[in-house]
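Heads up, the thing below is written out as structure tokens.
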Protein chains: 2
Amino acid sequence: MHSDTHHESLKIPDEIRGLRMTRQRGEVYRILAEEKTHPTANEVFMRVKDRLPNVSLATIYNCLEALVQHGIVRQVNFDREPSRFCSNLADHGHFHDASTGVIHDIHFKPGVRLSDVLDLPDGALIDDVEITLRGRINSDS
Amino acid sequence: MHSDTHHESLKIPDEIRGLRMTRQRGEVYRILAEEKTHPTANEVFMRVKDRLPNVSLATIYNCLEALVQHGIVRQVNFDREPSRFCSNLADHGHFHDASTGVIHDIHFKPGVRLSDVLDLPDGALIDDVEITLRGRINSDS
DNA sequence: GATTAAAATTGGAATTGTTCTTGATAAAAT
DNA sequence: ATTTTATCAAGAACAATTCCAATTTTAATC
């Protein structure tokens, strides 16, 4: 243990992909990197306030937008619920467990290519894929 | 030609899956069945007004909700954009062409099972799948 | 067919997540 | 040190949707 807080803190560089890592952007990113719970903007806000008491919700939105636009975090939407954010950049989907509310990251099985699985229109160039599953986990199986 | 309007109109039963087909629900459903453009609530509203000038937007929302809840139409969400609705009940995804704004229905290739493609948690029971693609169509290919 | 009961519709107000605006701060460049 | 530029804060504004109370329509019963 050597950091100034009692948990291991990530080292965040001054700049990522051309985005200047200000204090508030760094804190927003830290939350997403530490927690894998896909928090909403408001949840991030509450957690960042612990370290930056004067931060505003607008700033959280600004930071999240900047991070998303620079491809540093992903924005995930379920239906019309508040957007959620995660720092897992690997191509993955999300399974929303309706009984617990927990969101699990879902990955493709190795070797699967989207075009093998889906009937895409001729010439379709895919920029982005979002796979969302809703359901529950049957504990006794 | 025998209907009272100049285009072929679908025959809509008095009741579908236990949902009473009122005038406004019928008109809302008709729009979705005729058009495959995945309209928003507001777009449905404007089209229904042609036939039912006094209809209110709240009613459109009510009707859409009733239809969705009874499994008669599907609600589709892209990011945080307004919800869209479609009457195609077959299991399918949506490809959002960024250059034209057009939404194409995407189907699985025959014989593909979700569990073959995705690494699902043990005991996961999937109620609903949503696959959203964003991209563009390369005309010269 | 009139009467009652239940469901649906309407119009507007309220809500909610998010974005915008403006002025203040901080950081970088000169 | 001064100017320029980017970022932040606070609250107002916004847009999609939902809620609410009052009215209308439909169905059920007499």
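Order of the sequence lines sets the chain letters (A, B, ...), proteins ahead of strands, with each chain counted from 1.
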Between A:Arg20 and B:Pro82, which is nearer to the 5' end of DNA chain D once each is assigned its nearest nucleotide?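 It is A:Arg20, whose closest nucleotide lies nearer the 5' terminus.
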Using heavy-atom distances to pick each residue's nearest nucleotide on DNA chain D, tell me which of B:Ala58 and A:Ser56 is more 5'.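 Nearer the 5' end of the strand: A:Ser56.
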Mind calculating the distance between [atom1] ([X]) and [atom2] ([N]) to the nearest angstrom?
X       : N      : atom1 : atom2 : answer
B:Phe45 : D:dT17 : CZ    : P     : 14 Å
A:Leu57 : D:dG11 : CG    : P     : 12 Å
B:Gln75 : D:dT17 : CD    : C1'   : 10 Å
A:Met21 : D:dA6  : CE    : P     : 17 Å
B:Ile60 : D:dA16 : CD1   : C1'   : 15 Å
A:Glu65 : D:dT7  : CD    : C1'   : 13 Å
A:Asn62 : D:dG11 : CG    : P     : 16 Å
B:Leu52 : D:dT25 : CG    : P     : 12 Å

Give the ring-plane orientation class for A:His38 versus A:His94, where under 30° counts as parallel, over 60° as perpendicular and anything between as tilted.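 Geometry flag for A:His94 against A:His38: perpendicular rings.
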Does a side-chain N or O from [X] land closer than 4.0 Å to OP1 or OP2 of [N], or not?
X       : N      : answer
A:Arg80 : D:dT17 : yes
A:Gln24 : D:dA9  : yes
B:Tyr61 : D:dT17 : yes
A:Thr22 : D:dT7  : no

Could you walk me through whether A:Asp116 and B:Lys109 pass the salt bridge (charged side-chain N to carboxylate O under 4.0 Å, His left out) test, one step at a time? CA-CA 8 Å; A:Asp116 296 338; B:Lys109 290 197 171 176; 5.6 Å; no
Check whether any side-chain N or O of A:Arg47 sits under 3.5 Å from a backbone N or O of A:Pro39 as a donor-acceptor pair, and report yes or no.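 The answer is no, because no donor-acceptor pair under 3.5 Å joins these two groups.
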Under 4.0 Å, heavy atoms only, any strand: does [X] hit a base, just the sugar-phosphate, or nothing?
X       : result
B:Arg23 : nothing
B:Asn42 : nothing
B:Thr40 : nothing

Are side-chain heavy atoms of B:Gln24 and B:Glu27 found at a separation under 4.5 Å?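 Sidechains of B:Glu27 and B:Gln24: no contact.
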Counting C-beta onward and ignoring hydrogens, is there a side-chain heavy-atom pair between A:Leu133 and B:Leu118 closer than 4.5 Å?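 When only atoms from C-beta onward are counted, B:Leu118 and A:Leu133 do touch, with a gap below 4.5 Å.
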Contact interval (first through last nucleotide) of DNA chain C with protein chain A, 4.0 Å heavy-atom: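 Range of nucleotides touched by chain A: C:dG17 to C:dA28.
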Step by step, would you call A:Arg134 with B:Glu130 a salt bridge (charged side-chain N to carboxylate O under 4.0 Å, His left out)? CA-CA 9 Å; A:Arg134 237 174 316 262; B:Glu130 205 164 309; 3.7 Å; yes
For a quick test of reading the model, state the closest non-hydrogen atom pair linking B:Val112 to A:Val117 and the distance between them.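 Here B:Val112 and A:Val117 meet closest at CG1-CG1, 3.5 Å.
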